[in-house]
2 protein chains.
Amino acid sequence: MSELISQAYERLRSQGGRMTNQRRLLLSILDSLGEHPTAEELLLIARKQDPDLNLSTVYRTLRWLEAENLVSARLFAEERRQERFDAVLPSEHHHFMCTNCKNVIEFDTELLVDIKSQFQDSSGASVSMGSIVLYGLCPSCRQGSVAQELDREVG
Amino acid sequence: MSELISQAYERLRSQGGRMTNQRRLLLSILDSLGEHPTAEELLLIARKQDPDLNLSTVYRTLRWLEAENLVSARLFAEERRQERFDAVLPSEHHHFMCTNCKNVIEFDTELLVDIKSQFQDSSGASVSMGSIVLYGLCPSCRQGSVAQELDREVG
DNA sequence: GCCCTTATTGCAAATCATTTGCAATAATTA
DNA sequence: TAATTATTGCAAATGATTTGCAATAAGGGC
């Protein structure tokens with residue numbers, strides 16, 4: 001069983017919480033999904049298994065997981081008000097969002113620690129965490145836009 | 001006259017737009033304010049000069065400035081749904097938010113370009129922009145929390 | 001396995017930042 | 001100065017997320 005799911009069981013046990021069918025389903029989706037779904041997207045996926053699942057339950061589950069630090073929520077500039085949720089991996093990771101297709105790619109870098117300490121040193125603040133978001137065109141949309149440009153030139 | 005304000009005049013002229021008292025007021029505040037106000041905060045400040053100013057006007061002005069790339073809007077993790085607005089400076093800059101007092105400090109770094117090119121090279125995407133947000137305690141809240149800890153130990 | 005307690009759910013209504021429709025107002029320009 | 005129409009203020013709408021509450025169902029004890 002995955003880290004996420006076993007951790008969730010453990011946290012529930014220690015808090016007197018209950019492992020419901022809804023939570024089990026949402027956890028298994030979050031665990032296997034290689035994406036960063038919105039609450040709504042997660043609901044749609046989950047409803048294939050449990051058509052009565054409610055959006056409130058999705059939100060409550062996500063918020064609980066967030067409080068337990070098993071999931072993190074992020075807002076991207078392209079979708080101002082809609083959060084995307086992400087099972088927290090052991091290592092700190094960052095995001096790239098394609099401004100065209102809105103797909104999110106995770107990435108990792110050792111360079112952020114330098115930025116953190118640079119800022120700590122110059123400001124006197126203590127930095128506990130940080131995140132980077134990059135925007136641009138993903139490889140396939142990049143190809144698409146090159147193709148479009150060619151079309152325009154030819155047409 | 002500042003860059004922001006003269007730019008705004010220029011854009012309005014070229015679009016057949018009008019420089020109203022409300023816009024002039026909001027621009028002068030945004031221009032001089034060394035902070036990252038929310039729309040509501042901006043309204044409160046502006047109402048000292050024009051008590052009838054409406055929140056819709058503030059939003060419309062901010063969105064127009066954003067579309068003109070003269071102001072940028074950001075969401076921080078600590079305030080999930082409320083945007084903060086920021087007159088765009090000539091150089092790309094990043095943000096630190098104090099998790100205690102919610103104050104925002106801007107900072108600059110040459111290290112992001114390395115992260116961008118690192119990611120571009122490894123992913124095949126083309127990155128057009130990026131932003132870093134750091135969270136932690138600002139110098140004064142840091143002092144406060146040190147003081148608290150001492151209190152706890154002594155008391 | 002069945003009962004009891006109460007955590008969790010589904011539903012509908014509430015929130016809250018932001019947006020929009022519209023009639024009234026005020027910048028521009030002729 | 002008048003005419004045109006961009007912009008405003010107001011109230012109502014929106015849309016993601018949250019919350020109150022009665023109904024349901026985990027999980028512990030019998």
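Just so you know, these numbers come straight off a predicted model, no measurement behind them. Proteins get letters first, then strands, A, B, ... in listed order; numbering begins at 1 in each. We use all heavy atoms of the structure for the numbers below, so side chains are in, but hydrogens, waters and symmetry mates are not.
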B/Arg23, nearest nucleotide to its side chain (from D/dT18, D/dT7, C/dT9) =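 For B/Arg23, the side-chain atoms sit closest to D/dT7.
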Would you call B/Leu70 and B/Glu3 a side-chain contact if the rule is heavy atoms closer than 4.5 Å?
->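 Result no, sub-4.5 Å side-chain heavy-atom pair not found.
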For [X] and [Y], which I'm curious about, is there any donor-acceptor pair between the side chains at under 3.5 Å?
| X | Y | result |
| --- | --- | --- |
| A/Glu68 | A/Gln15 | yes |
| B/Tyr9 | B/Arg23 | no |
| B/Glu66 | B/Ser72 | no |
| A/Gln49 | A/Gln22 | no |

If you restrict it to nitrogen or oxygen atoms, what contacts under 3.5 Å exist between nucleotides 25-30 of chain D and the protein, and what is each distance?
| residue | atom | partner | partner atom | Å |
| --- | --- | --- | --- | --- |
| D/dA26 | OP1 | A/Asn21 | ND2 | 3.3 |
| D/dA26 | N3 | A/Arg18 | NH1 | 2.9 |
| D/dG27 | OP1 | A/Met19 | N | 2.8 |

Whole angstroms only, please: what is the [atom1]-[atom2] distance between [X] and [N]?
| X | N | atom1 | atom2 | value |
| --- | --- | --- | --- | --- |
| B/Glu83 | C/dC16 | CD | C1' | 13 Å |
| B/Leu55 | D/dA12 | CG | P | 16 Å |
| B/Leu53 | D/dG9 | CG | C1' | 10 Å |
| B/Gln15 | D/dT7 | CD | P | 8 Å |

Is A/Arg84 paired with A/Glu35 through a side-chain N to carboxylate O contact shorter than 4.0 Å?
->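 Here A/Glu35 does not pair with A/Arg84 in a salt bridge, since their nearest N and O are not under 4.0 Å apart.
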Can you hop from A/Leu42 to A/Leu4 via hydrophobic side chains spaced under 4.5 Å?
->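 In one cluster with A/Leu42: A/Leu4, yes.
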In residues 39-50 of chain B, which residues come under 4.0 Å of DNA chain D by heavy atom?
->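 Correct list: empty, so none.
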Can you list, by residue number, the residues of residues 61-70 of chain B that have a non-hydrogen atom closer than 4.0 angstrom to DNA chain C?
->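 DNA chain C contact set from residues 61-70 of chain B: B/Arg63.
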With nearest nucleotides of DNA chain D determined for B/Leu12 and B/Arg81 from heavy-atom distances, which residue corresponds to the more 5′ nucleotide?
->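 So the residue in question is B/Leu12.
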Does B/Val133 sit in a hydrophobic cluster with other residues, and if so which ones, taking ILVMFWY side chains as linked at heavy-atom separations under 4.5 Å, directly or through other members?
->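 Joined to B/Val133, directly or through intermediates: A/Met129, B/Phe76, B/Met97, B/Val104, B/Tyr135.
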Linked hydrophobic residues, A/Ile105 as query - side chain contacts closer than 4.5 Å |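 Traced through the cluster, A/Ile105 reaches A/Phe96, A/Phe107, A/Leu111, A/Leu112, A/Ile115, A/Phe119, A/Val127, A/Ile132, A/Leu134, B/Phe96, B/Ile105, B/Phe107, B/Leu111, B/Leu112, B/Ile115, B/Phe119, B/Val127, B/Ile132, B/Leu134.
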Find every protein N or O atom lying less than 3.5 Å from an N or O atom of nucleotides 20-22 of chain D, and list the pairs.
| residue | atom | partner | partner atom | Å |
| --- | --- | --- | --- | --- |
| D/dG20 | O6 | A/Arg60 | NH1 | 3.4 |

Quiz item: cation-pi between A/Arg11 and A/Trp64, 6.0 Å / 45° =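 So A/Arg11 doesn't make the cation-pi contact.
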CA sep, side-chain torsions, deciding dist, call: A/Arg47, A/Leu43, side-chain contact (heavy atoms from CB on, under 4.5 Å) | CA-CA 6 Å; A/Arg47 278 195 168 159; A/Leu43 178 71; 3.8 Å; yes
At under 4.0 Å, does any side-chain N or O of B/Asn54 touch on OP1 or OP2 of D/dT8?
->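 It does not, given that no N or O in the side chain of B/Asn54 lies less than 4.0 Å from OP1 or OP2 of D/dT8.
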Name the one of B/Glu83, B/Glu106, B/Arg74 that satisfies side chain to side chain donor-acceptor pair (under 3.5 Å) with B/His36?
->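 Answer to the side chain to side chain donor-acceptor pair (under 3.5 Å) test with B/His36 among B/Glu83, B/Glu106, B/Arg74: B/Glu106.
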